[in-house]
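Ligands are counted one by one from 1 in listed order, and the atoms in each one are counted from 1 as well.
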Amino acid sequence: MTLHIPKAELHLHMEGAATPDLVRMFAVRNNITLDAGLFDANDRYVWSNFTEFLNSFDGASRAICTRQDYADLTYSYLTEQAKIGALYVEIFCSPSHAAEAGLSFDDHLQGVADGIERAEKHSGIMGRIIMTCVRHMGPDLAVRVAQQSVDCGHPFVVGFGMGGNESLYSQEAFYQAYKIAADGGLGCTTHAGEVEGPQSVWDAIDKLPVTRIGHGVRSIEDPKLVETLAKRGIVLEVCPGSNIALSVYPDYAAHPLRRLYDAGVRVTLGSDDPPFFHTTLAAEYQRAQDVFGFDDAQLTGITRTALEASFVDVDTRARLLAKLDQLSGVVVHAG
Ligand SMILES: [Zn+2]
């Protein structure tokens, strides 16, 4: 079992963390009628291909509309992760999604920040925010999100990222947005090498000031890229459950997590949009052990990589790493 392993997560989309229970609660609270067939008889999100997944995601997101909803969603997710040994979670927050629900940048941010504060007080887990732009909404909107993310000066906003449809626009088209974010002191990551192949990862690491890649698993198709990632210490936010659910790989045997790790690439584990992909952070760690053969020390090392690659300030990172040392020390003594 991996329950005792201290964990950290760098790849989690806020709306994608909403369980059916929460979505129903928000819908009632906001007087919204959910789409028929959003959940199946076993209370799981219903979808069978990428387009249906996006529809399902949007259908659930429609119920999340207020600052209070974002606060409750954040609190709920973080306290659940604290129960399974997570020390730290970085959350992708999309102001553009919140805007579609009628929420301002500040209300959305304050909601998530309230949830983070409450969760830390109650369970000790630390959460931070990566503001994300949506690739298919284009570079102009991305520049605005980057500028707002820097200007807000909120201590919980530590990073800037990009999700959305990888096949639209080039990574380079978002250079200006990323430059604003990086110059403003935010850590940077982007989704690449998930749907698209290795070239998308090359584009990201050569054209944008990123130190991490969301997914990046298809880098395995290019040995030169794998070598470059290892050499440059670029960290991959790997989400195996998501990759299998979205058929990036047919099964876990074909998934390159272990091969990337063995080639010296720094990897972390994330759940992406957990209830949609019928996974959790705990399940990702457990699977890494059961299917990919990582032992306790290696899993703790993966958590260490996540903390080292996190976008928190130097002091906070040092505190988190000290906590990890202390907890993994306990594990060793407990034998
Ligand atoms: Zn993602």
Is [X] close enough to the Zn ion (ligand 1) to have an N, O or S atom under 2.8 Å?
X: H13; value: yes
X: H215; value: no
X: E194; value: no

Pairing of [X] and [Y] as salt bridge, 4.0 angstrom limit:
X: D325; Y: R304; answer: yes
X: D262; Y: R258; answer: yes
X: D151; Y: R144; answer: no

- Which value, rounded to 10°, describes the NE2(H191)-the Zn ion (ligand 1)-OD1(D272) angle? 170°
- Is the charged tip of R128 near the ring of Y88: under 6.0 Å from the six-membered ring centre and within 45° of its axis? no
